[in-house]
Amino acid sequence: VNALERASRDLVSHPVRDPSPITVIERRASHLRRRRGSAIAALTTTVVLILAAGSVALTRETRSTHVSTSSPGVSTSSLPVAPAQSSLTLSAGNMFTPPTQAAGDQTLLRITLANGDTLTLQYPNELGIAGLGFQPATGIAWGPAGQPADCCSRTLEIRRGTVAKVFPGRDPQKAYPGSNGKDVYYFTGKNINYLAFQIDDWVVAVPDYEATTAATNNTPMTDDQRATYALSLTGRQTADGYLVLTPKPPLTLTYTDSPSANFGDGDLAVLYRACTTPTQPLPESHGFSLEARDQTPGTWLCYSRIPIVVHVTGSQDFQSRVTRELQVVANHQSAYG
Amino acid sequence: MGVEEPYGPPEFEDWYRREHPRLLGLLVAATGSVDIAADATDEAFARALARWKRVSTMASPAGWTYRVALNLVRRHHKHRGREQAIPVPRDATSFPTSDPAVWEAVRNLPTRQREAVLLRYVADFSEADIAAVMSVRRGTVASTLAAARQTLSEQLVEDLQEEAL
């Protein structure tokens with residue numbers, strides 16, 4: 001032990017290398033944030049609170065009906081998302097810290113999703129979930145029943161900020177008239193294009209690209225379809241700063257199998273879907289069970305009273321505390337279609 | 001309504017300069033490579049900075065950063081299939097230590113014991129902090145350290161006996 005203590009003192013008191021300049025660390029941190037933003041943009045693996053409204057049927061026949069939570073198990077849809085590797089990626093934008101309400105040592109956080117659903121979370125103040133920053137996401141389906149399924153349905157990418165900030169250094173190729181009197185810009189890249197809407201403090205980006213995979217057979221929109229999108233995708237910002245989209249036909253909102261709400265750098269995410277694997281009850285938690293997701297890091301929690309799945313990453317301590325202490329105290333699902 | 005915070009709050013830089021030698025030393029001892037250790041150290045601090053708003057409020061920001069760094073190193077070795085054979089350079093310029101035999105012996109410990117020893121003696125963490133970093137119970141840390149000390153003791157005595165011969 002003495003030899004170990006002596007050797008350790010030597011090692012620390014005679015550092016093998018000077019610390020890298022702080023600018024190097026800042027640059028790497030900046031890169032990490034950008035990469036994180038791209039990952040969120042692609043809506044791939046993140047930590048999210050997942051609210052699963054399993055009973056939402058995503059077929060066109062049921063899109064006009066109200067969401068029901070009485071029969072969880074019906075899955076959500078896989079709409080095309082922007083490819084992760086793209087020559088045109090969105091910046092992370094600004095962080096939106098939603099307002100909270102104090103209740104003693106607890107925080108009440110009422111979040112409004114892009115489809116108008118609201119969800120109130122309760123957690124100990126020190127968990128600081130609101131402070132991680134909130135980013136919504138949603139899917140848009142196109143057209144009445146009977147049309148080809150994948151014409152223009154998309155998983156939207158939503159950022160806080162301005163179009164100029166989210167598409168830094170880019171000039172739009174074209175502008176389409178939007179429904180709110182503002183132009184909707186069309187940015188093109190090598191592999192992917194975006195329609196970009198500015199709705200108050202939010203930027204809604206609609207990815208447009210060609211992708212033929214087992215899951216999708218996606219072709220870029222025509223000019224007419226882009227013009228229709230520009231006129232039909234509308235929305236507003238709520239008094240407390242959230243974005244709510246209110247598209248007009250032929251567009252309708254839909255849940256997807258991607259997170260509906262993201263906090264932080266994938267620290268917490270919410271999806272509307274039912275549990276897909278056997279669960280293990282969590283006696284100490286507030287209505288959550290564990291869901292086995294072997295291929296994905298983090299903790300997956302199924303909420304038992306409404307079909308919600310919460311995905312938590314970050315430190316083990318954060319995951320444990322969320323598992324034990326997060327509560328869903330209210331939920332209101334608005335109608336789709 | 002939040003606005004993205006600028007990078008590099010002043011308290012981060014102070015903390016970074018204070019913690020850097022310890023984490024780098026720990027990783028050099030863990031990996032045997034100054035380059036790998038320096039890269040993992042920078043990456044861990046960059047991740048801490050990218051999430052500084054949250055990390056700074058944790059009970060142990062250093063513990064979080066050390067865990068990130070050790071995970072990076074583990075991943076690095078797994079990718080190269082070197083988990084059981086981490087070389088510790090004997091070149092004093094790359095790994096200055098008064099007693100390379102100690103680190104040689106530490107290198108030969110099982111991964112968990114090696115990490116517990118480094119966190120205890122190089123990082124100067126308490127058993128409770130080590131438990132948090134390694135995501136194990138405190139009692140497990142105590143028994144792991146005891147086993148490591150026993151192994152090291154036997155190994156170093158053997159070395160001394162061999163040298164005497």
Side-chain angles (χ1 to χ4, degrees), chain A residues 1-36 92-99 126-134 160-161 165 201 237 240-241 264-265 267 314-320, chain B residues 1-5 7-8 12-13 16-17 19-22 24-26 28-29 34 37-38 41-43 45-55 57-59 63-64 67-68 93-103 105-106 117-118 120-124 132 135 149 152-153 156:
Chain A
V1 168
N2 287 342
L4 198 53
E5 287 177 342
R6 187 177 60 245
S8 296
R9 272 198 305 274
D10 284 353
L11 192 60
V12 175
S13 58
H14 300 97
V16 293
R17 186 177 285 181
D18 288 337
S20 301
I22 191 69
T23 51
V24 171
I25 303 301
E26 286 175 345
R27 214 166 30 240
R28 287 180 84 142
S30 178
H31 172 72
L32 284 169
R33 285 205 167 205
R34 278 199 305 275
R35 202 172 61 186
R36 208 161 62 192
N94 296 331
M95 185 174 83
F96 171 53
T97 305
E126 59 270 24
L127 268 182
I129 291 173
L132 296 172
F134 171 81
R160 185 86 166 173
K165 176 159 186 170
D201 293 330
Q237 183 170 307
D240 47 359
D265 178 19
D267 296 288
S315 71
Q316 200 59 47
D317 179 58
F318 182 70
Q319 293 182 38
S320 300
Chain B
M1 209 150 300
V3 175
E4 194 170 16
E5 285 195 347
Y7 293 124
F12 174 83
E13 187 165 355
Y16 165 68
R17 297 204 178 283
E19 292 292 336
H20 186 280
R22 227 172 260 287
L24 179 62
L26 182 148
V28 168
V34 174
T41 302
D42 283 2
E43 178 68 14
F45 279 114
R47 291 187 185 190
L49 176 56
R51 301 160 180 239
W52 186 242
K53 192 170 180 180
R54 184 155 70 84
V55 172
T57 62
M58 292 176 176
W64 184 89
R67 179 163 49 202
V68 168
T93 59
S94 62
F95 188 16
T97 174
S98 56
D99 197 347
V102 171
W103 299 121
V106 170
V117 162
L118 293 171
R120 178 69 190 89
Y121 293 99
V122 181
D124 200 22
S135 300
R149 280 193 286 260
L152 285 174
S153 170
L156 291 171

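The model shown is predicted, which means the values in this text are computed figures rather than measured ones. Each chain gets a letter, A, B and so on, in the order its sequence line appears, and its residues count up from 1.
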- Would you mind checking which part of B/Y16 comes under 4.5 Å of any heavy atom in chain A, side chain (CB onward), backbone (N, CA, C, O), both or neither? side chain
- B/L152, B/L118, B/V122: which one forms the most heavy-atom pairs within less than 4.5 Å of chain A? B/V122
- Item | Contacting region of B/R120 [heavy-atom separation from chain A under 4.5 Å] | neither
- Distance-minimising heavy-atom pair for A/A29 and B/A46: CB-O, 3.4 Å
- Part of B/R54 lying under 4.5 Å from any heavy atom of chain A: side chain
- Item | Contacting region of B/V106 [heavy-atom separation from chain A under 4.5 Å] | side chain
- Note on the structure: From the list A/L132, A/I25, A/D317, the residue making the most non-hydrogen contacts under 4.5 Å with chain B is A/I25
- Task: With a 4.5 angstrom heavy-atom cut-off, could you sort out which part of B/V117 is near chain A: side chain, backbone, both or neither?
- Result: side chain
- From CA spacing to verdict: side-chain contact (heavy atoms from CB on, under 4.5 Å), B/L49, A/E26: CA-CA 7 Å; B/L49 176 56; A/E26 286 175 345; 3.6 Å; yes
